[in-house]
K.L.:
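Quick one: the structure is below, and I'll ask about it shortly.
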Amino acid sequence: MRWLRQGGIAGFIIRRLMLGVLVLVLVSILVFAATQALGDPARAILGRDATPASLAALRAELNLDQSVLGQYFSWAGGLLQGDLGNSLAAQQPVTELLGSRLVNSSVLVLCAAVISIPLSIAIGSWAALRREKAFDTVSSSVMLVLAALPEFVVAVLLVMLFATTVLQVLPAISPVSPGQRPWQVPEVLVLPTATLVLAVAPYVARIMRASMVEVLESDYVEMARLKGLPERTVLIRHALPNAIGPVFQVIAINLAYLAGGVVVIEYVFNYSGIGSALQDAVVNQDLPVVQALAMLIAGVYVVLNLLADVATILVTPRLRTRL
Amino acid sequence: MSQSGIAPTLAEGVQTPTPPVRSSTLVTRALRLWRTRIGALFVLVVVVIAILGPYLAPHTASEFVAIPNSPPGGDAGFLGTDYLGQDVLSRFLYGGRGILVMAAVSTAIGLVFGVAIGLVAAYARNALDDVLMRAMDVIMAFPQIMLALVAVSLVGAQVWIIIAAIAVTTAPRVARVARGAAQPVVERDFVQATESMGLSRVRILTGELLPNILGPMMVEASLRLTYSIGVIAALAFLGLSPDPNGANWGTMIQQNQISLATQPWGALTPIIAIALLTMGTGLFGDGIARTAAGIDRERGDE
């Protein structure tokens, strides 16, 4: 393994990739074990008064008649080939069921990310520059309160403000009909996106502020100022690249969180994405769909963390030269 | 760091050093900050409502009082009626206890396991540390609500599985913080001193390490409580509470969301309660964090 400890940035990326694959394998075992350990899925689906014949038929469909290891490998093998099994409730392949919903959810998360990340980096940096002044105090308090509110509370409050009770300028629910794409009805995206932005921005802004405060007090920023560089250059060329490193981790965690957080928000707005699919699947005990979505969301988390680790190294001058 | 030359000659029966920050002094000092006071007040108000509410409710939670979605006033009572014609005020007064108890119990279980795992990992400093923390990473690959949903999909929305799911997802996040806080403590001289005195590992973890990480753990505890409340309320909101028609703040919001335009109180009252509660724990935790950081800074100046 010694060769892996060297190799600069490429070696580092390969090490992280291997770790990511390992975590994904462990995650798949966890998802599989959870669905195995907590009782007989066939009985859970069919209920108490299922006939032995229908139980046996469903067990065969779910591959429950194989050995545990055999079941795991046929499921995990299917995952690798993009075969996620059949939905029990809809009687159609999970991939077909989730395909367009996946697009809808991605659009939502992407909108939220594109707005919230630059916004929160700007707020955090500005608060750090105006430390202990009015903007910093106000933004810190607002962020603290926003971070504490559960996202469905924020969502319903936004609905009351903009759709029902106070103003009636936006739709209260955001249905996207099957043939439609969300960008064809942009007004339905506004409130769900705003909710996600409000849910994520506080965390990123707070870490950005903390990181920026630390960097602004460092020797190299003082050095750059003493050299007589204009303040803009000091901030953009010297402070920002060093301050943004730790922020990538938080952005990654929050984007992964968005993938899970959409569950509740899509339900509030009746938006047809993977979140409302998960809620349906949970209520209907549609295990193949639950398994697929669990793997998908965990996979997103692992990939984002990987990207964040690599981006941190590439962006932070101090860490990059150490490799 | 306050390691200024403590090299005690270890006589027999030597007293172990007093913990640097006692939790009681930390809270007292934190309460000098306005944000901590406001936070504590918010939490207190909601907890009192949740505990005493059922005794004060004018009606039972499922009694028909007036026409569904009546606005406040007359027969409909102080806050009007909900989508089934039940009294909003009474349902509100009944609906907090379940959420609070479940959140408190699940967070407490998660904290105990998380702190234990974090301390063992920090003290081990070997392969065990790596194995434990990688295992925590795997669990953390699932957002809390996601893992709770998977668990509920398997056995139904029962109290024990919701508590277990939240405890299981709380523990790794706590463990990470506990390990991070304990790592510098493990390196300090007094830990080596107690090792050489032959104290058992359990005594070192609970008697030496634990008191020294109480500050960060209290911050983490209030943060985790905030999230647990959010997840439990969100599950109820998604229609996954132990009693689907019972009075529960999360359920109330979902049931009355439809009539927001005409009778907003059915959804707004529980929203205000949940918001006060989570803002309260959030502000309280922030106050503690600031106080703990301030104490550290004073020490650094000494």
K.L.:
Count the heavy-atom pairs under 4.5 Å between each of A:V302, A:V145, A:V23, A:L146 and chain B, then report the option with the highest count.
P.N.:
A:V145
K.L.:
Does the side chain to side chain contact (heavy atoms under 4.5 Å, CB included) test come out yes or no for A:Q279 and B:L149, once each step is laid out?
P.N.:
CA-CA 8 Å; A:Q279 198 266 347; B:L149 282 173; 5.6 Å; no
K.L.:
What is the ring orientation for B:F92 with B:W249, classed by angle as parallel under 30°, tilted 30 to 60°, or perpendicular over 60°?
P.N.:
parallel
K.L.:
How long is the span from the OG1 atom in B:T36 to the CG atom in B:L31, to the nearest 0.5 Å?
P.N.:
6.0 Å
K.L.:
Under the side chain to side chain contact (heavy atoms under 4.5 Å, CB included) test against B:T107, which residue among B:L225, B:V174, B:T226, B:I229 passes?
P.N.:
B:L225
K.L.:
Tell me, side chain or backbone of A:L144 under 4.5 Å from chain B's heavy atoms, or both, or neither?
P.N.:
side chain
K.L.:
So what's closer than 4.5 Å to chain A heavy atoms on B:I253: side chain, backbone, both or neither?
P.N.:
side chain
K.L.:
What verdict does the side chain to side chain contact (heavy atoms under 4.5 Å, CB included) test give for A:T195 and A:F269, after you've listed the backbone C-alpha separation in whole Å, the side-chain angles of each residue and the deciding distance to 0.1 Å?
P.N.:
CA-CA 10 Å; A:T195 312; A:F269 291 104; 3.7 Å; yes
K.L.:
Between B:Q254 and chain A, with a heavy-atom cut-off of 4.5 Å, which part of the residue counts as in contact: side chain, backbone, both or neither?
P.N.:
side chain
K.L.:
Considering only heavy atoms, which portion of A:L22 lies under 4.5 Å from any heavy atom of chain B: side chain, backbone, both, or neither?
P.N.:
neither
K.L.:
Is it true that B:S228 and B:S106 share a donor-acceptor pair across their side chains at a distance under 3.5 Å?
P.N.:
no
K.L.:
Quick one: of B:T281, B:L238, B:I271, B:L277, who has the most non-hydrogen atom pairs under 4.5 Å with chain A?
P.N.:
B:L238
K.L.:
Under a 4.5 Å heavy-atom cut-off, does chain B meet the side chain of A:L149, its backbone, both or neither?
P.N.:
both
